[in-house]
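To keep things clear, I will list the structure first and then write my remarks on it.
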Amino acid sequence: MAKHAVLSSGAKLWRSLACAKSELRLDLTLACGQSFRWRETAEGHWTGVMGGRVWTLTQTDDTLWYYLYTNQDNQSRGDKKLGDGVSLRDNNNRAERRSKGAQRMDEEEPQAVGQQDRELEAELMLRDFFQLHVKLDDLYRQWGAADPHFRKIADIFTGVRILRQDPTECLFSFICTSNNHISRIQGMVERLCQALGAPLCQLDQTTYYDFPTLSALADSSVEACLRDLGFGYRARFLQQSAKQILDTHGLQWLEGLRRVSYLEARDALRTLPGVGTKVADCVCLMCLDKPDAVPVDTHVWQIAQRDYKYAAEKGQKSLTEKVHRNIGDFFRKLWGPYAGWAHSVLFCADLKKFQSLKEMACFNQPKKEEEEEEKSRKTKIKRETDGHGINMKSENQKKAKMGVKEERTL
DNA sequence: TACGAACCTCA
DNA sequence: GAGGTTCGT
């Protein structure tokens with residue numbers, strides 16, 4: 001049985017490209033709640049599906065390493081549980097992918113030429129997925145120059161990039177995020193792919209699946225299926241959104257939103273059931289090439305108030321359309337055209353699972369600053385625990401709030 | 001523009 | 001019952 005690749009035991013089978021850790025940190029970028037299907041399968045090794053293929057990625061100081069598995073099991077593509085219609089529609093999806101330049105590796109070509117092409121194509125896919133043409137070092141410098149609070153975070157949380165995800169996967173994953181936290185979303189998306197996606201390959205005990213096609217998601221049996229899998233009210237949103245896209249727009253519509261303005265794309269997405277302002281902003285930012293989209297939830301609202309003394313809407317009790325707009329505009333004015341990228345750095349820094357990084361940084365402080373740092377560390381932890389001056393009534397509530405925060409998604 | 005209802009899980 | 005997002009009024 002095939003195993004998950006590990007760099008130390010077969011480096012010659014891996015390929016690499018130059019990439020400093022200041023430009024990309026796999027651990028932060030792949031686990032900060034923008035995508036939900038990458039898993040750390042060995043220390044520092046991340047395995048997931050991208051462009052219909054299974055990859056393992058790892059990095060050393062100045063190098064990004066990648067291992068691309070062959071889809072040995074892909075003869076069963078399209079023969080999943082929904083019956084005849086699906087395999088036909090799966091071919092549509094392959095055509096869709098081909099138009100994105102992501103699927104040519106599956107086609108037969110003369111071996112020598114094909115091999116080279118495949119390698120080049122894989123590298124291009126990876127560069128595209130991580131948007132490596134965007135120079136993160138420069139952006140961090142710009143954000144830091146404009147924003148002292150960002151400077152404090154940036155030294156620890158380097159290399160946090162926005163991925164350029166597949167629009168279908170991104171949209172339908174984010175429809176799952178409402179009232180939800182990262183670990184549960186991960187489980188849901190995994191079950192979604194198992195139930196409705198084509199199997200790609202098996203490594204150790206894990207079978208990897210492609211993300212379901214629009215057609216598979218639109219099938220009328222899907223709502224009941226997903227309810228059984230614990231999707232709750234989101235089951236209907238997923239099926240209805242898929243059906244609405246296919247019925248009224250067509251297969252290419254989502255990807256076409258990459259070529260329209262941010263506001264036009266956002267409004268278009270908001271016509272779909274289960275897609276409000278926040279989910280639309282996530283999709284715009286994470287797969288539709290809208291780097292100025294800033295997804296605002298109550299968490300981001302809290303960051304704005306706590307770290308930026310944002311007070312314009314203090315009387316507001318809920319996240320109205322106006323608050324969304326104003327906070328988005330506030331951060332766009334502060335950070336500029338890649339505000340959404342900067343936002344993800346702060347969001348990542350606030351996740352419970354990455355708090356140890358802050359503590360390590362404090363631990364490593366030069367000695368003369370230790371005392372001062374300890375003092376500010378205590379205040380910082382307090383703020384992370386009980387928000388920004390809101391007096392919690394009990395320790396239980398305090399913990400409950402932390403629990404939500406630590407798992408909150410974008 | 002803003003509020004309450006509905007949605008679901010967890011404590 | 002709290003928690004956050006979407007939807008309907």
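A note on names: the letters A, B, ... follow the listed sequences, proteins ahead of strands, and every chain is numbered from 1.
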Between N or O atoms, less than 3.5 Å apart, protein on one side and nucleotides 7-9 of chain C on the other: list the pairs.
unit_1	atom_1	unit_2	atom_2	d
dC7(C)	OP1	G274(A)	N	2.6

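Applying the salt bridge (Lys or Arg N to Asp or Glu O under 4.0 Å) rule to D228(A) yields no partners; only residues at least two apart in sequence or on another chain are considered. In terms of the salt bridge (Lys or Arg N to Asp or Glu O under 4.0 Å) criterion, residue partners of D247(A) (sequence neighbours excluded) are, by chain and number, K243(A). Evaluation of the ring-ring contact (aromatic ring centres under 6.0 Å, His included) rule for F354(A) yields no partner, not counting sequence neighbours. With sequence neighbours left out, the salt bridge (Lys or Arg N to Asp or Glu O under 4.0 Å) criterion links R191(A) to no other residue.
The CD atom of Q240(A) sits 13 Å away from the P atom of dC7(B) (whole-angstrom rounding). Per the geometry, CZ belonging to R234(A) stands 17 Å off P belonging to dA6(B), to the nearest Å. As a whole-Å value, the separation of R325(A) CZ from dT1(B) C1' is 10 Å. One atom, CG of L269(A), and another, C1' of dT6(C), lie 15 Å apart when rounded to the nearest Å. Atom CG of L238(A) is separated from atom P of dC7(B) by 16 Å (rounded to the nearest Å). The OH atom of Y233(A) sits 10 Å away from the P atom of dT5(C) (whole-angstrom rounding). For the pair H181(A) NE2 and dT9(B) C1', the computed distance is 7 Å after rounding to whole Å. One atom, CZ of R184(A), and another, P of dT5(C), lie 14 Å apart when rounded to the nearest Å.
Side-chain atoms of S16(A) never come within 3.5 Å of backbone atoms of L64(A) as a donor-acceptor pair (strictly under, hydrogens ignored).
R236(A) comes within 4.0 angstrom of nothing in the nucleic acid, heavy atoms only.
Annotation: side chain to side chain donor-acceptor pair (under 3.5 Å) contacts involving residues 279-292 of chain A, sequence neighbours excluded, comprise R164(A)-D289(A), Y262(A)-D281(A), R266(A)-D281(A).
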